[in-house]
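First up is the structure itself, then whatever we jot down about it.
Values reported hereafter were calculated over all heavy atoms of this structure, with side chains retained and with hydrogens, waters and symmetry mates removed. If you're wondering where the values come from, they're calculated on a predicted model, not measured in any experiment.
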Amino acid sequence: MALLEVKHLQTYFFTDDGVAKSVDDVSYTVDRRETLGVVGESGCGKSVTALSIMRLIPDPPGKTVGGEVIFDGKDLLKLPEEEMRKIRGNKIGMIFQEPMTSLNPVFTVGDQIEESVLLHQKVTKEQAKEKAIEMLRLVGIPAPEQRYGEYPHQLSGGMRQRVMIAIALSCNPDILIADEPTTALDVTVQAQILELINRLQQELGMGVILITHDLGVIAETADKVAVMYASHIVEYSKVDEIFHNPIHPYTVGLLGSIPKLNVETDRLMTIEGTVPSPVNFPVGCNFNTRCAWATDICYKNEPALLEHEPGHFAACHHWNKVKAERPANLVEA
């Protein structure tokens, strides 16, 4: 049985302009020591799915209207809030986007790590302080005893990101949700953060959900990949399958837009058009207005996410044609 199983999740936002179906029928699983990469354009529903798992969707205007999130044999969506608080930040940790704004500027970083430890573990204040310093040391922050008493504005962006990881891991969670953990960091710090998450994953036996729009990060770290577009998962398989055998037009477009070092070209491959509004998705396939393979059936019937090859799922009426006609060598070896 999977460590975490998301089944047919639906999260909508009820606005003055209409119902925005931000997450619509999303399903995936995560096992211990496994990294699931969730990739897609901004606004496709990656972060909303994560916040739905944590039950942090603001209500109103948002509401999880359907589906299940099975963890430790329980459906998190049906738990009383008091019981959910015992899981959130304890059994399931989350690194939120934007460490510049996610940390509270009026509390020291030590206080913010301690808060999570004191909330979920039966320890004294002194033991919580020792744990906080230990976590700062674990995530590679130099002089952790000094940094413990400093405020977020006194730390660099990379250090603040490490503090966010320390908070998320302070209670040794079974699942870590990392939402854009390397955004706005330089390449060197990005590599350090990813190596840190991978090392701690192996040490603690965590399952990791890594949310990003960076396909390079996915290639380096993920075991499985869920490609999201316009509130749906459109392709889902092992990382090698996604990169070397894509069968959905959107995935083909994403991979084709990656710059290649050894190929001379005047222009990168692009995906024509724009992402449709979640209040007004097109009839049929959500990708039909941007797809070179679209035919009449794509404008009438929404494709289901089906297993077309062993372990390889795609939501496309013409997956076999896409496979046959896609450009060769979409990614470098």
(message) When you measure from the side chain of D214 to the backbone of G216, do you find a donor-acceptor pair of N or O atoms at a distance under 3.5 Å?
(response) yes
(message) Closer than 3.5 angstrom, by distance alone: can the side chain of R32 be matched with the main-chain N or O of G205 as a donor-acceptor pair?
(response) yes
(message) Taking P181's backbone N and O only, do any of them form a donor-acceptor pair with Q161's side chain (distance below 3.5 Å, no angle check)?
(response) yes
(message) Pairing donors with acceptors under 3.5 angstrom, does anything connect the side chains of Q10 and T64?
(response) no
(request) With the side chain counted from C-beta on, respond yes when E41 and M228 share a heavy-atom pair under 4.5 Å apart, and no when they do not. (result) no
(message) Using side-chain heavy atoms (C-beta onward) and a distance below 4.5 Å, is V322 in contact with H248?
(response) no
(request) Compute whether any side-chain donor of one residue and acceptor of the other, for D111 and T108, lie under 3.5 angstrom apart. (result) yes
(request) Is it possible for you to say whether I167 and L118 belong to one hydrophobic cluster, with membership spreading through side-chain heavy-atom contacts below 4.5 Å? (result) no
(message) Looking at K131 and E114, is there a salt bridge between them, counting it only when a charged N and a carboxylate O are closer than 4.0 Å?
(response) no
(request) Using a strict cut-off of less than 4.0 Å between a Lys/Arg side-chain nitrogen and an Asp/Glu carboxylate oxygen, indicate whether R55 and E83 qualify as a salt bridge. (result) no
(request) Would you check if the side chain of N288 reaches a backbone N or O of D296 as a donor-acceptor pair within less than 3.5 Å? (result) no
(request) Without swapping roles, check the side chain of R290 against the backbone of E272 for a donor-acceptor pair under 3.5 Å. (result) yes
(request) Tell me whether M135 is reachable from V117 by hopping between hydrophobic residues (I, L, V, M, F, W, Y) whose side-chain heavy atoms are closer than 4.5 Å. (result) no
(request) Flag yes if F281 and V23 sit in one hydrophobic cluster, no otherwise; membership is Ile, Leu, Val, Met, Phe, Trp, Tyr, and two members link when side-chain heavy atoms are under 4.5 Å apart. (result) no
(message) Less than 4.5 Å apart, side chain to side chain, heavy atoms only: is that true for P278 and S231?
(response) no
(request) Please examine the side chains of E34 and L3, heavy atoms only from C-beta on, and report whether any two atoms are closer than 4.5 Å. (result) no
(request) Measure the NZ-CD1 distance between K91 and I87 for me, rounded to the nearest 0.5 Å. (result) 9.0 Å
(message) Looking only at side-chain N and O atoms, does E5 offer a donor or acceptor that is under 3.5 Å from a partner on T29?
(response) no
(request) Please examine the side chains of I133 and P144, heavy atoms only from C-beta on, and report whether any two atoms are closer than 4.5 Å. (result) yes
(request) Check the hydrophobic clustering (I, L, V, M, F, W, Y; side-chain heavy atoms under 4.5 Å; chains of links allowed) and say if Y151 and M164 are grouped together. (result) no
(request) Check the pair E150, R147 against salt bridge (Lys or Arg N to Asp or Glu O under 4.0 Å), reporting the backbone distance first and the verdict last. (result) CA-CA 5 Å; E150 293 184 352; R147 300 298 184 185; 2.8 Å; yes
(request) Answer yes if the side chains of T295 and H317 hold a donor-acceptor pair under 3.5 Å, and no otherwise. (result) no
(message) Does anything in residues 243-256 form a salt bridge (charged side-chain N to carboxylate O under 4.0 Å, His left out)? List the pairs, not counting sequence neighbours.
(response) none
(request) Indicate yes or no: at least one non-hydrogen side-chain atom of T289 is less than 4.5 angstrom from one of T274. (result) no
(message) Determine whether a donor-acceptor pair (N or O, by modelled atom type, separation under 3.5 Å) exists between the side chain of Q112 and the backbone of F107.
(response) yes
(request) Share the residues that join I247 in a hydrophobic cluster, the rule being Ile, Leu, Val, Met, Phe, Trp or Tyr side chains under 4.5 Å apart at the heavy-atom level. (result) W319
(message) Do the side chains of E134 and K129 get close enough for a salt bridge, i.e. N-O under 4.0 angstrom?
(response) no
(message) What I want to find out is whether D75 reaches K7 closely enough, with some N-O distance under 4.0 Å, to be called a salt bridge.
(response) no
(message) Does either side chain, that of Q192 or that of R162, offer a donor lying less than 3.5 Å from an acceptor on the other one?
(response) yes
(message) Does any part of the side chain of L36, heavy atoms only, come nearer than 4.5 Å to the side chain of V208, both counted from C-beta?
(response) no
(message) Looking only at side-chain N and O atoms, does S52 offer a donor or acceptor that is under 3.5 Å from a partner on T11?
(response) yes
(request) Determine whether the side chains of K224 and Y236 contain a donor N or O and an acceptor N or O closer than 3.5 Å. (result) yes
(message) Would the distance check show the side chain of S257 and the main-chain N or O of L254 forming a donor-acceptor pair, the cut-off being under 3.5 Å?
(response) yes
(message) Under 4.5 Å between side-chain heavy atoms, counting indirect links through other Ile/Leu/Val/Met/Phe/Trp/Tyr residues: same cluster for V65 and L9 or not?
(response) no
(request) Take D179 and K46, measure what salt bridge (Lys or Arg N to Asp or Glu O under 4.0 Å) needs, and give me the verdict at the end. (result) CA-CA 8 Å; D179 192 358; K46 305 186 300 294; over 6 Å; no
(message) Under the criterion side-chain contact (heavy atoms from CB on, under 4.5 Å), I'd like the reasoning laid out for L194 against V217: C-alpha separation, chi angles, the key distance, then a yes or no.
(response) CA-CA 8 Å; L194 293 174; V217 170; 3.8 Å; yes
(message) Donor-acceptor pair, distance only, cut-off 3.5 Å: does the side chain of N301 make one with the backbone of I297?
(response) no
(message) Counting C-beta onward and ignoring hydrogens, is there a side-chain heavy-atom pair between R33 and Q202 closer than 4.5 Å?
(response) yes
(request) With sequence neighbours excluded, tell me which residues meet ring pair (Phe, Tyr, Trp, His ring centres under 6.0 Å) with Y250. (result) Y229, F287
(request) Compute whether any side-chain donor of one residue and acceptor of the other, for N245 and E309, lie under 3.5 angstrom apart. (result) yes
(request) Give me the one residue out of I209, I177, V26 that meets side chain to side chain contact (heavy atoms under 4.5 Å, CB included) with T49. (result) V26
